[in-house]
Amino acid sequence: MTMTRRDFLSASAALALTPAFAPVLGVRAWGAALPREADIVVIGAGAAGIAAARRIQAANRRVIVVEASAQIGGRCLTDTSTFEVPFDRGARWLHNPDTNPMIKLARSAGLDIAAAPLGQKIRIGRRYARAGETEEFLAALVRTNRAIDDASRGKADVSCASVLPRDLGDWAGTAEFVLGANAVGKDLKDVSVIDKVRAQDRNAAIACRQGLGVLIARLGEQVPLALSTPASQISWSGRDVTVETPAGRINARAAIVTVSSNVLAAGNIKFTPDIPKRQLDAAAKLSLGSYDRIALQLPGNPLGLARDDIIIEQSSSTRTALLFANIGSSSLCAIDVAGSFGRELSGQGEPAMVAFALEWLAKLFGSDTALAVKKSSATRWNVAPYALGAMSVAGPGNQPSRKILTEPIGCLFLAGEATHETQWGTVDGAWESGERAAEAALRKIGALRDSEPEPAPARAPKHRRTAPVRSATPSSPIN
C-alpha cells in the first residue's frame, strides 16, 4: 500500500530523507590577492556563511569569506559529474515554501523548485505492506511521538528511547529508524526529548532540481570569498580580530565562525585567546549524527519503481535503510544509512557500503539487482575533514547548548544549524542563523543604528510556531 505524503508526515514527524547538510563541485576559486582587511570576516562558505556575507554586503560593509575546502556549500554538496543527473550527496530538501526566503532566492536565481515526492511505501520482505499493516505502523508512530512529546514536558530532559511505548510489536525497529537515525542521524537513545520536540514543523519539503549545493553556490556568486583557504588561527579581543590563513593574514573588526559543532569542538582552528569552555562544551554536547548515502545507477528500472519513489522496510532493528529511487526520472537510486549502524558501516569504507546496499535491495526486490548496477558512489561524512558528520543532535540534557552557541564571544559570533533552537539540522536553519549572526556582528561594529531592532535569536520567524505540538498528531519531519 502507498501512504500519501500527508498521511505519512502527519503521523511520523520524521521521514526526513536527508541530513540537513554537505560542499558543490566545480565552482570558482579565489582569483585575486586575498584582501588584508575587512569589516567582518566569515569562516566557512556553507549556507550560514553565504547568508551572513550577503547580509553584510546589504549593509554596505566589507566582507570576505574564507573556506577551507575547494567549493562553496559546506554540507550542501551536489555532485554533477558522477551520474547523468545532479546527485545531492548532502542536504536534499528545503522546507516551508510559503515562508522560506531561500525558495524565493532560488527561483530568482533561475533554479527549478519542485515539491518532494507525494508518497512513501513500506516493504515487508518481498511484498508491500497491506492497508491494515500500514495503519498499524502509522498508529505506532503516533503513539511514539505522543510519548516523546509528553516526556518533553517533564522535569528532566531524558532520551527519546527511554520513553518509547513497549508494545510496538513488529513495528518497533521501523519506528525507531524513522524517528531516530533517518530523521536526525542518531539512535533515539542519544536524542534529547526536548531537542526533538522543539524542532519546528518541516512541512512541504521542497527540492531544487539542480541540487542544493548548486543553489548555495549560485547565491554566493557575488560574495567575495577565498576557496581552499583554511583559517588556521583566529586572534580575537573585544575590539578586533585577525585570521591567519595560508594565503595571508586578514584583519577585521569582527568574525563570524560557521564551522560545524564537531569541527569547533575538535579544536581544528586555534583561537587566541581560547574560546571559553562554556562554548566549547556546548559544541561538544551538540555532536553531529551520522548520515550517508549510497548511490547506485540502475538502468532499465530493475526494481520496477516509479519516479522519486521512496521505500522503507519493516525491520526488527535500526540496521536498515531508506531507498529514494529513480531520482528525477533517472536511473539513479540512493540508499540512505544513518545512526549507529550507518556510522559503523561508513567506517568500513565505500566497498562495504555498496555491498550492504546490494544485499539490502536483494532482500526486498530479488537477487538480480547487483547485475544491473552500472555505477556506484557513497558518501562518508564522518571522515570529511571540514564537516566530521551530518547534522547536530543534542543528547539528553544538552538542548540548552544551542542557545549558548548564539552568545557573542567578544568580537566573535557563531552560526550554523547547530545554533538554531528549532530549525537545527536543516539548510533553512543554517541560513537563518547566518543572517542572525551577521546582524549581531554589524551591530557590534556600529554598522546598525541603535534605533534598529535587536537581531532576532536563531529561531523560526514569528509566522512559525515555536511551541511543540500538544495533540495526538505529532509534528512534521525534523530535517
Side-chain angles (χ1 to χ4, degrees), residues 13 20-21 48 145 147-163 179-180 183-202 256-267 271 274-289 388-410 412-426 428-430 432-434 436-437 439-440 454-462 464-470 475 478-479:
F21 295 96
N145 275 300
I148 293 172
D149 186 77
D150 289 344
S152 72
R153 300 194 295 272
K155 294 182 179 180
D157 182 14
V158 299
S159 75
C160 292
S162 68
V163 301
L179 297 173
V184 298
K186 286 188 180 181
D187 299 345
L188 288 180
K189 66 181 179 62
D190 300 317
V191 180
S192 150
V193 293
I194 294 179
D195 207 35
K196 189 165 176 62
V197 170
R198 284 191 181 177
Q200 280 285 56
D201 284 346
R202 283 87 187 259
I256 298 172
V257 180
T258 72
V259 300
S260 76
S261 55
N262 275 18
V263 170
L264 187 64
F271 290 87
D274 291 338
I275 285 183
K277 186 175 184 296
R278 174 179 171 85
Q279 275 77 18
L280 287 178
D281 286 349
K285 291 176 180 179
L286 297 170
S287 61
L288 303 187
L388 299 179
M391 75 284 284
S392 67
V393 186
N398 295 338
Q399 195 280 333
S401 296
R402 298 199 184 277
K403 188 172 183 179
I404 291 173
L405 289 186
T406 68
E407 297 171 357
I409 310 169
L412 298 181
F413 302 85
L414 303 180
E417 53 87 18
T419 70
H420 204 297
E421 290 196 85
T422 57
Q423 293 280 357
W424 54 267
T426 69
D428 319 352
E432 190 173 303
S433 78
R436 168 197 54 81
E439 293 201 2
E454 290 292 330
R459 61 172 184 258
K462 293 180 180 179
R464 299 175 185 166
R465 188 183 67 248
T466 56
V469 177
R470 303 303 187 194
S475 56
I478 57 175
N479 73 334

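For clarity, every value in this text was computed on a predicted model and none was experimentally measured. What you see below is based on every heavy atom in this structure, not just the backbone, and it leaves out hydrogens, waters and symmetry mates.
Side chains of Ile409 and Phe271 form no contact here, defined as non-hydrogen atoms less than 4.5 Å apart. For the pair Val163/Val158, a side-chain contact is recorded, criterion being any heavy-atom separation below 4.5 Å from C-beta on.
Atoms OG1 and NE2, from Thr406 and His420 in turn, are 10.5 Å apart once rounded to the nearest 0.5 Å. Taken to the nearest 0.5 Å, the CG atom of Leu264 stands 11.0 Å off from the CG atom of Leu388. Annotation: the span from Asp150 atom CG to Asn145 atom CG amounts to 10.5 Å, rounded to 0.5 Å. A distance of 11.5 Å separates CG in Leu414 from CD1 in Ile404, rounded to the nearest 0.5 Å. Between the CG atom of Leu405 and the CD atom of Glu407 there is a distance of 8.5 Å, given to the nearest 0.5 Å. Atoms SG and CG, on Cys160 and Leu179 in that order, are 8.5 Å from each other to the nearest 0.5 Å.
Between Val191 and Asp187, the shortest heavy-atom distance links the atoms CG2-O, 3.4 Å.
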Using atom types as modelled, flag every donor-acceptor pair under 3.5 Å from a side chain in residues 280-287 to any protein atom, sequence neighbours excluded.
residue	atom	partner	partner atom	Å
Asp281	OD2	Lys277	NZ	2.5
Ser287	OG	Lys186	NZ	2.7

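The side chain to side chain contact (heavy atoms under 4.5 Å, CB included) check on Ala415 picks up Ala48, Ile256, Thr258, Ser433, Arg436, Ala437, with sequence neighbours excluded. Remark: Ser192 engages Asp157 in a side-chain hydrogen bond (donor to acceptor under 3.5 Å, both in side chains) (not counting sequence neighbours).
Judged purely by distance below 3.5 Å, without hydrogens or angles, the side chains of Ser392 and Arg402 pair a donor atom with an acceptor atom.
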